[in-house]
Every structure is written in structure tokens, then in C-alpha cells.
Amino acid sequence: MSFIRVHRIMSVAMIAAMLSFFSPAVEALATTGNPPSFRDVTQYQKEIGYLTGLAIIQGYQDQTFRPSAPVKRLQAVQLILRTLGIEPKETSSIQFTDLKKGDYGYPEVATAVKLGIVSGKSDGSFDPYGNLTRGQMAKIFANAFNLQGKWNKNFTDVKQGDWVYEYVHALAANGITTGYPDGSFRPNDSIQRMHFAVFLARYINDDFKPPVLKPLERKEVIAKKESVVMINVYDENDELISQGSGFVTTNGLIITNYHVINGGAYFEIETYNGDTYELEGVVDYDLDNDIAILKPYDLLPLKQLRIGSKSMVEEGDDVIAIGSPLGLYNTVSSGIVSGIRHFSEDGWEADFIQFTAPVTFGNSGGPLLNMYGYVVGVVSFGLETGSLNFALAADHVKDLVSSYVGVPFYQLSIIPIDELPVIDDGEEELPEDGGETGGETDPPTPVVETTKFSLDENLVTSIFHPSLPILYGLDTFGNVVEINYETKQVKTLALPLPAERLYFANNELYITLLKGKHSSYWWKENQQGAIAIVDTNTFTLKKIFDIALDPYDVVADDRYIYVSSGSGQWTSIKSYDRTTYQEVSSAPIRQASYLEMNPSKTMIYAITTDTSPRDIEAFSISDGKFTSHYDSPYHGDYPLSTDMTISSDGKYLFNHAGTVFYATSLQSTNMTYVTTINPFSAIAFDPAANVFYTGKDSKVTAYNSKTFEVMNTWTVSGIINHLFVSNGKLIMLTTETPYSSGVKVQSIQIFNPTASSGL
């Protein structure tokens with residue numbers, strides 16, 4: 001192990017009653033942050049106040065909450081969808097005798113049915129205004145939050161074989177219910193508003209769950225291994241580069257060490273029953289304390305471990321470590337706490353639990369549990385001498401995770417992989433021949449001299465003008481930026497909506513504007529967004545027009561603009577007339593696909609970003625219409641990253657993982673394999689010199705455009721973000737970290753490769 005610092009027409013009164021419990025937006029709360037005080041709430045004040053503060057529920061205008069009133073079935077669906085962050089969509093035709101399209105609540109129920117959360121009654125009705133029973137509540141909770149598990153006790157009125165048995169036990173196993181003092185659960189009773197609020201608060205926030213007051217049996221603690229996962233980390237070439245452990249905690253997030261996922265292009269987890277899931281990505285991280293928070297694409301059917309504190313153990317207490325040392329999944333080891341240690345260095349300080357339970361490579365990121373079943377630490381590092389093992393105190397993990405407690409799961413965003421730092425852990429690697437390290441090595445390549453000037457604001461995406469010394473981009477604050485890299489003149493233009501991608505054609509910039517967050521559950525019939533058009537001759541905003549699409553990427557030809565959708569799973573790519581701004585044509589596409597226009601303007605290529613294996617697709621276009629489309633002949637045969645670039649002559653499609661394909665008008669040869677070059681993050685073409693250049697980290701590589709052989713390499717200062725060739729010179733957008741504070745600074749650097757190499 002290494003240690004790096006680490007979801008019927010109604011009367012007005014009924015509508016009011018419904019809205020009094022479910023509020024899609026509570027502006028006053030969002031402004032003040034202070035939930036109201038209800039004059040009739042004496043029990044569960046904290047839980048009810050907590051949910052009101054999250055704008056999930058609200059009370060009545062007379063400042064009452066009516067805690068003993070029953071919850072209606074429709075209300076429950078609405079509350080569940082809001083908790084998950086799922087927008088209701090009328091996307092499926094549900095067949096209920098008492099709920100039809102146009103009725104209040106239909107979109108919510110339709111969405112919940114499609115997601116498998118509810119199914120209706122045996123008589124064909126949904127009974128939206130009927131009282132929800134406690135048993136029905138248990139089933140909705142279990143379905144919505146993917147809860148599973150068996151409680152170590154039994155309820156007197158819930159017997160094995162009862163339809164509610166598995167759902168009630170799933171709630172209890174996850175700390176959401178303990179039943180009544182007499183040992184019953186009362187599944188046929190109507191659930192009261194206050195109890196529903198309590199159960200919901202307990203699911204969202206572990207702090208509301210009843211504390212574990214008695215030590216568990218050793219086997220009960222070991223059974224927590226069902227919440228532990230093995231993490232496999234892969235590079236851009238789909239090669240396994242590291243392996244470690246992690247555990248599921250609040251909001252379905254996964255905790256591990258940052259060094260476990262360091263340098264990975266994507267991550268998969270394996271669960272206790274052998275199921276494998278690819279993760280969406282990293283929600284947050286703490287390098288100093290070596291913590292990473294990972295998010296699955298969906299809530300997993302795994303129990304969530306409760307995060308405790310170092311104060312829950314003391315020297316001599318029994319602890320259990322669970323992980324996957326050397327790939328041996330769910331290995332359990334036991335020991336005692338040897339001490340609570342406080343480490344500090346250069347302004348950094350953290351608490352660790354020293355323990356004797358044997359751990360080794362692959363245990364990193366796994367939980368250290370006390371005998372009450374709480375995670376008291378995250379296994380972080382060990383020293384072979386004396387078998388000294390250390391776990392970062394869970395307090396630090398809880399601090400980092402706290403920001404994401406209460407945030408709807410499907411609204412949690414992730415950090416792009418290329419924005420994650422790659423940390424050198426200082427470990428030496430053996431040469432490929434397996435021999436000893438040492439001996440002669442190639443000297444480091446000197447940094448070449450360039451003409452450079454720094455930017456005042458960093459760009460999140462950029463594009464070069466094909467003939468003028470201009471770089472266009474979107475800066476950190478959402479402004480459109482024009483940079484003349486010869487005169488160093490910078491212009492900015494504000495936009496009224498969040499901007500994400502831009503494309504240059506026809507002396508115009510086409511910019512995607514967002515009206516919502518990309519989501520797999522934002523169905524295409526309800527999507528909306530906009531496209532901004534900027535006249536680059538005057539650098540003025542020419543037009544903003546609305547589109548019935550959640551825009552993800554954009555390309556254009558002489559007359560039409562083509563936009564892919566970022567939401568709705570299997571969704572649409574659409575074309576729009578750039579003079580009338582009307583939709584012209586559409587075709588099916590996978591959500592969140594990047595686009596690349598062939599210079600011939602007769603074909604668009606798309607690459608998926610959320611599928612494994614990744615897929616490339618070609619769309620033939622004519623007069624703004626999609627005339628045909630077909631997939632790549634390969635599915636998982638070659639390494640693919642999410643980015644691809646077509647060569648300036650339109651003959652080759654370069655995937656940034658280093659795989660090169662033909663780009664042709666014939667389906668039989670289109671997207672077929674050509675060769676493989678080194679992976680890169682940026683590429684530029686100089687057809688006059690029969691050369692193309694790639695950039696990776698600080699390294700520029702020149703290739704012969706016909707043979708694909710390496711001609712030369714150079715090292716520049718900073719990390720290369722974008723490359724362009726102008727009059728034989730290489731224009732580079734780079735990022736450096738020149739200050740001790742770690743602030744990143746972008747620069748434009750100009751380099752003449754022919755003068756430096758005789759190319």
C-alpha cells in the first residue's frame with residue numbers, strides 16, 4: 001500500500017392538501033435556509049424540520065403539519081421522486097382505471113411505474129388519493145432506493161411468506177425502521193405523515209437513524225462485508241492498472257482511498273455476489289487525506305455502512321478490517337486498536353487509527369469496523385516492519401461526505417476524469433524485462449523555448465479559427481472569449497444561460513446553452529435547451545434560439561446546425577436551419593455523445609461517453625437531413641476514449657486513446673482499423689508538411705501523416721490542452737501550476753517545430 005497526502009382531476013381543497021406535503025420548490029426556505037416551526041409538531045421535530053429545509057415537504061398555511069394525518073399514495077410517489085432528484089415525465093402509457101394523461105399526478109406515477117417503484121392495485125386502479133399503508137410504504141422505499149437485506153430480528157406481525165416480508169426487512173436492515181415497542185410493524189395500518197417523514201429522513205441522513213447501543217456478534221460485523229466492494233481501475237487502453245477496496249455509504253456513494261483510483265480512466269466494482277458495475281465517476285476527493293468519493297450510475301442493491309468516529313474506539317478494542325488483498329475479494333481480518341495517532345506535516349494534520357488486523361495490497365480503501373458495525377476508519381497504509389497498519393479516522397471521511405448528504409442522488413455531479421490530478425506516489429517500477437532498476441537511462445528531454453503569454457481566465461473548452469490567429473473558448477465563468485494570440489487582445493461576451501460546448505463554422509460560433517442538468521431520466525419529449533450564435537466578424541451575439549433538446553455537443557455545415565442530446569438514455573440528434581432556426585431532421589443516438597463533422601460535410605461521427613464498451617457511429621447527412629446511420633464494425637475490439645478528432649483531409653478518425661480508423665463514404669471500409677499510435681490529449685494537422693502532432697501531458701510528438709511513424713518529440717512547459725498548426729507553427733493551449741497555492745494558469749504558447757528539428 002502507498003500513502004498519499006493524501007417522483008384525476010381534483011378539488012381545490014384536495015390539491016391544497018397534497019401540495020401542503022409535497023413542494024417542488026420552496027423559495028423562502030432556499031433563501032433563508034431556516035425551516036419553519038410547526039405549532040402542532042412535538043415528536044420528530046428534527047426530522048420534519050430537516051425535510052422541510054431540503055424543500056421536500058412543507059406544512060399548511062395555518063403553520064401546522066398535521067403529523068398524524070395519513071399519507072396519500074400519490075404523495076408518497078411525489079416525495080420519493082423529489083428525494084431521488086428525478087424529474088417526472090409522461091413517458092409511458094400507464095393503464096390505471098383512475099389515473100389518465102392530463103390528470104394531476106399522472107407524470108409522477110407514470111415515471112415511478114416506468115422505474116419499477118410502484119405498480120398499482122390488483123383491481124387495475126392506482127388509487128392515488130387512497131391512504132398508503134406501512135407495508136406499501138416499505139415496498140415503495142425498497143424499490144425506489146434499491147434496499148435489500150435481512151434484519152437480525154423478526155416482527156411479530158410480519159411472517160416469512162408474507163408479501164411485505166422482504167420489503168419490511170430491507171427497511172429494518174438498513175436502519176430505517178425498528179417497528180413498535182411491542183415487536184410489531186403493523187403493515188396494514190395507514191402510515192402517518194410524521195412517520196413517513198422520519199423514515200425518509202433516516203434514509204437520507206444516517207444521523208437520524210437510531211444508534212446501535214449494544215455490541216454486535218462478531219459474525220454480525222463480518223456480515224457487513226456485503227457493503228464492501230472490490231474496485232478495479234483501468235487505463236485508456238482498458239488495461240487493469242490498480243485494484244483496491246471501497247465501501248457503500250450514505251446516498252449510495254462509495255468511499256475509497258484516492259491512491260486506489262489514481263491515474264485511472266474508468267472504474268468498475270465487484271460486489272459480494274459477483275455482480276460488476278461500472279462507476280459514473282468521482283464526486284469529490286481529498287488528496288491530503290487520500291479520500292475519494294465515487295458514484296455509481298444508479299443506486300446499487302447494497303446496504304449502506306454508517307460512518308462513525310475515532311471516538312468510538314480506544315486502545316485494546318476489537319476491530320475488523322474488510323477488503324480485497326491481492327484480489328482475494330472480501331477477506332476479513334480481525335485485530336485490536338493499537339493507538340489513535342495524530343500526524344502532521346507542513347500544515348497538514350490528520351488522525352489515524354493504528355491497528356493489528358493483518359492487511360496488505362488491495363485492502364486500501366476498505367473499512368475498519370468497530371464491534372457496533374460503524375466504520376471508524378478507512379484502511380490507508382501499512383508498514384511491513386512490525387506489521388504496523390493505519391486507517392484514516394472516519395471523522396475526515398464524514399466531513400467530506402457531509403456536503404453530499406441530502407443532495408438527490410441523480411443530481412450529484414461528477415468531476416471529469418481529465419480534471420482529476422494524477423499523483424506520483426514515488427514508487428519505483430521495475431523495467432519491462434523484469435530486471436533490477438538502475439543503470440543507464442535516457443536523459444530527460446529539455447524543455448523547448450516558446451513564445452508564451454498567460455491568460456487572465458482559464459478556458460474549459462476551446463477552438464481555433466482556421467485561418468486567423470484567434471482562439472475562441474468558454475471560460476470558467478461561462479463567458480465566450482476571443483483571444484488574438486498575436487496581438488494578445490482578449491474579448492469576452494456574456495451569455496444568459498450556462499454554456500457547455502462551441503463549434504466554429506461560417507464565421508460564426510455555435511454554442512450549446514443548458515436549461516437543465518443532463519440526466520438519464522430527462523426524457524426527450526420534455527427536454528429543452530438553446531443554441532447561441534455569435535458573429536465572429538464583430539464578436540457580437542447574433543441570435544439565441546430555443547430547441548426541444550438538452551444540448552450536449554454541436555457541429556455545423558454551411559447551412560445547418562447539428563446537436564446531440566445529453567439526456568434521456570436512447571435519445572436524439574437533431575438538425576436546425578441556421579437561418580430560420582427551425583428543426584429539420586432527427587435521428588436516434590445515445591445520450592451524451594460527442595460529435596465530429598467530416599470536412600466533406602456529408603457525415604457526422606458520434607462517440608458514446610457512458611457505455612462500455614464505447615461505441616462509434618456514423619450519420620450520413622444531406623441538406624440537413626439524416627439519410628442513414630450505422631455503428632462501427634467493432635465493439636470493444638480496440639481501446640477508445642471519449643474524445644476523437646478527424647484529420648484535416650477527412651481520411652482518418654483519430655481516437656485519443658491512440659486508435660486510428662479510416663473515415664470513408666463506404667460503409668464497408670468506414671471506421672475500420674488502421675493503426676495505433678501513442679495515446680494523446682490533443683492533436684493538430686499540418687497537411688502542407690505531411691505531418692501531424694499530438695500532445696500528451698508536456699510532450700509533443702510529430703508523426704509522418706502517411707506512415708504514422710514518429711519523427712520527433714519535444715517537451716514544453718505545462719500540460720497540453722489543445723493544439724493547432726498555423727503557417728507551420730504549433731499553437732498550444734497549456735496549463736501550468738506555477739504557484740505553491742496550486743492555482744492553475746493557462747497560457748498560449750507558440751513553437752516552431754521546423755526550426756527546432758529540421759522537419
Side-chain angles (χ1 to χ4, degrees), residues 1-6 231-237 239-244 246 253-267 279-295 343 345-350 364-365 378 380-381 392 396-397 399-401 403-404 412-429 447 454-455 457-462 475-476 609 641-643 656-657 679-682 695-699 715-722 732-747:
M1 287 168 288
S2 61
F3 174 46
I4 308 171
R5 275 187 39 190
V6 186
I231 301 175
N232 296 319
V233 182
Y234 298 87
D235 64 13
E236 293 178 341
N237 299 316
E239 294 291 335
L240 182 67
I241 60 173
S242 69
Q243 198 171 62
L253 297 172
I254 297 172
I255 304 299
T256 189
N257 287 142
Y258 188 88
H259 77 257
V260 170
I261 58 119
N262 181 42
Y266 69 95
F267 325 113
L279 301 181
E280 184 175 355
V282 179
V283 172
D284 204 350
Y285 59 88
D286 179 347
L287 287 184
D288 285 343
N289 291 321
D290 195 18
I291 312 169
I293 305 176
L294 312 180
K295 180 191 175 187
F343 297 149
E345 178 187 354
D346 296 333
W348 163 83
E349 53 185 336
S364 292
V378 179
S380 297
F381 69 101
L392 178 73
H396 302 292
V397 179
D399 287 343
L400 188 62
V401 173
S403 298
Y404 307 100
L412 286 166
S413 60
I414 62 167
I415 302 169
I417 288 293
D418 58 2
E419 293 183 13
L420 293 172
V422 178
I423 309 302
D424 181 4
D425 60 10
E427 294 181 351
E428 287 189 346
E429 296 183 358
V447 176
S454 300
L455 307 183
E457 302 296 346
N458 291 342
L459 304 181
V460 295
T461 187
S462 58
D475 69 16
T476 306
T609 64
S641 73
T642 59
D643 297 308
H656 290 210
F680 57 91
S681 57
K696 175 68 173 178
D697 298 328
S698 298
K699 182 179 180 181
T715 299
V716 300
S717 61
I719 303 301
I720 301 167
N721 310 129
H722 200 166
M732 301 173 287
L733 178 66
T734 61
T735 300
E736 299 177 80
T737 312
Y739 309 114
S740 59
S741 62
V743 173
K744 295 180 179 179
V745 176
Q746 282 187 334
S747 300

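A distance-only check finds a donor-acceptor pair linking the side chain of S380 to the backbone of V378 [under 3.5 Å]. Looking only at distances, no side-chain donor or acceptor of T734 sits under 3.5 Å from a matching main-chain atom of G718.
Residues that satisfy the side chain to side chain donor-acceptor pair (under 3.5 Å) test with S681, not counting sequence neighbours, are absent from this structure. Contacts of Y404 classified as side chain to side chain donor-acceptor pair (under 3.5 Å), with partners at least two apart in sequence or in another chain: D284. Listed by chain and number, the residues in a side chain to side chain donor-acceptor pair (under 3.5 Å) with E349 are H342 (sequence neighbours excluded). Every residue meeting the side-chain contact (heavy atoms from CB on, under 4.5 Å) condition with K696, not counting sequence neighbours, appears here in chain and number order: E236. Applying the side-chain contact (heavy atoms from CB on, under 4.5 Å) rule to N232 yields the partners M230, Y234, L240, Q243; only residues at least two apart in sequence or on another chain are considered. Residues that satisfy the ring pair (Phe, Tyr, Trp, His ring centres under 6.0 Å) test with H396, not counting sequence neighbours, are absent from this structure. Applying the side chain to side chain donor-acceptor pair (under 3.5 Å) rule to S454 yields the partners S747; only residues at least two apart in sequence or on another chain are considered. Shown here are the side-chain contact (heavy atoms from CB on, under 4.5 Å) partners of D643, two or more places apart in sequence or in another chain: Y594, S641, H656. For T737, the side-chain contact (heavy atoms from CB on, under 4.5 Å) test picks out K744, with sequence neighbours left out.
Atoms CG and OG, from N257 and S242 in turn, are 11.0 Å apart once rounded to the nearest 0.5 Å. One distance of note links NZ of K699 with CD1 of I720; it measures 10.5 Å at 0.5 Å rounding. Y266 OH to T642 OG1: the interatomic distance, rounded to the nearest 0.5 Å, is 13.0 Å. Remark: I719 CD1 to M732 CE distance equals 12.5 Å, nearest 0.5 Å.
Residue P421 comes nearest to Y285 through the heavy atom pair CD-OH, 3.3 Å, listed as atom of the first residue, atom of the second, then distance. When every heavy atom of A265 is checked against every heavy atom of D235, the shortest pair comes out as CB-C, 3.5 Å. Summarising the geometry of A657 relative to P679, their closest heavy-atom pair is O-CG, 3.5 Å, with the distance given to 0.1 Å.
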Between I254 and K295, is a side chain to side chain contact (heavy atoms under 4.5 Å, CB included) present by the stated rule, with each step listed?
CA-CA 6 Å; I254 297 172; K295 180 191 175 187; over 6 Å; no

Candidate pair L400 and I293, rule side chain to side chain contact (heavy atoms under 4.5 Å, CB included), full reasoning:
CA-CA 8 Å; L400 188 62; I293 305 176; 3.7 Å; yes

For side chain to side chain contact (heavy atoms under 4.5 Å, CB included), just list the numbers for D475 and N458, CA-CA rounded to whole Å, side-chain angles, deciding distance to a tenth of an Å, and then say yes or no.
CA-CA 6 Å; D475 69 16; N458 291 342; over 6 Å; no

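Residue N721 is tested with D418, T461, T735, L459 for a side-chain contact (heavy atoms from CB on, under 4.5 Å); the sole match is T735. Screening V233, I291, V282, I261 against T256 for a side-chain contact (heavy atoms from CB on, under 4.5 Å) leaves a single residue, I261.
Between Q746 and L733 the shortest side-chain heavy-atom distance falls below 4.5 Å.
For residues 253-262, no residue pair satisfies the salt bridge (charged side-chain N to carboxylate O under 4.0 Å, His left out) rule, not counting sequence neighbours.
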